[in-house]
Amino acid sequence: RMRLGGTTPPAVSKGIVAHGLTACAISFGAASQTGFSGSRATRDSAASYQHAITSGTAYAHQCLVSLSRPLVGSERIIVYWTGSSGSTTHNIDSSSSSAYVGKYFKVTNTLTAVANGSNYAAVFLVNPLSADLTVWVTRLQSEAGGASPSYIPTGSAPVRDCSRSTGVRG
C-alpha cells in the first residue's frame, strides 16, 4: 500500500505485473511538482508494509526498481527509507537511469537506527520531468546488518538464507 502525497501526487496502481514480477506502479505526470512536498509515494498507513527497527542496529533496506523510460537532462528521483530513522538516499538520474529501463535494478539503502520504531520505503520526484514517468517497485526487504542479501520470500514464517551459512554436515 502506498500513500500519495504532495501538491501533485503521483498515481499508484498495486498488483501490476511488470517485467515478470508483481509490483507497485508509481506514475508521475510531466506536470508534477517536485520535492518531497511536491510529489511522493510512501506507505499508506501504520498497518501497511514497514520494517521494525531497533536503535543502534545497522540495517540494509532493499527493493527492486524499474523505470518506464530513461531520465534525461536534470530529471531525478530518489528512493529511500524513512520513518523512525531515515536511510541514505538512492538517486536515479540521467547518468544512471538506463540500468532501470526494461528490467529491475536492486536498490540498497543502509542506516544505523537512532530510534526504535519502523521504517518504510518512499519515492519522490526531485526535478521536473519532460514526459510522464512510471516507477515500478517490488520485493521490499530489510535485513539487520550492513549488507543486503538476495531477496528471500518469507510469507509469514521466519526464513534463513542457507546459502550464506557456513559449515559442513557429513
[X] side chain near [Y] side chain, heavy-atom distance below 4.5 Å:
{"X": "Y59", "Y": "T54", "value": "yes"}
{"X": "V65", "Y": "V135", "value": "yes"}
{"X": "I92", "Y": "L71", "value": "yes"}

Parallel, tilted or perpendicular, judged at 30° and 60°: which one describes the rings of Y100 and F105?
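Correct class here is tilted.
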Taking a hydrophobic cluster as the set of Ile, Leu, Val, Met, Phe, Trp and Tyr residues connected by side-chain heavy atoms closer than 4.5 Å, whether directly or through intermediates, do L133 and V107 fall within one such cluster?
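L133 and V107: one cluster.
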State plainly whether one hydrophobic cluster holds both W136 and W81, where clusters connect Ile, Leu, Val, Met, Phe, Trp and Tyr through side-chain heavy atoms under 4.5 angstrom apart.
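The answer is no; the residues belong to distinct hydrophobic clusters.
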Can a donor-acceptor pair be found between the side chains of S94 and E75 at a distance below 3.5 Å?
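Side chains of S94 and E75: no pair found under 3.5 Å.
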Between A25 and T134, which heavy-atom pair has the shortest distance, and what is it?
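So the minimum-distance heavy-atom pair works out to CB-CG2, 4.0 Å.
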Between T34 and N127, what is the shortest heavy-atom contact and its length?
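Taking T34 first and N127 second, the nearest heavy atoms are CG2-C, 3.2 Å.
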Gap separating the CD1 atom of I26 from the OG atom of S68, nearest 0.5 angstrom:
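The OG atom of S68 is 11.5 Å from CD1 of I26, to the nearest 0.5 Å.
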Whether the side chain of R69 engages the backbone of A131 through a donor-acceptor N/O pair (distance < 3.5 Å, no angle test) should be reported.
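A pair under 3.5 Å: yes.
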Donor-acceptor pair, distance only, cut-off 3.5 Å: does the side chain of T110 make one with the backbone of A60?
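Flag not set: sc T110 to bb A60 has no pair under 3.5 Å.
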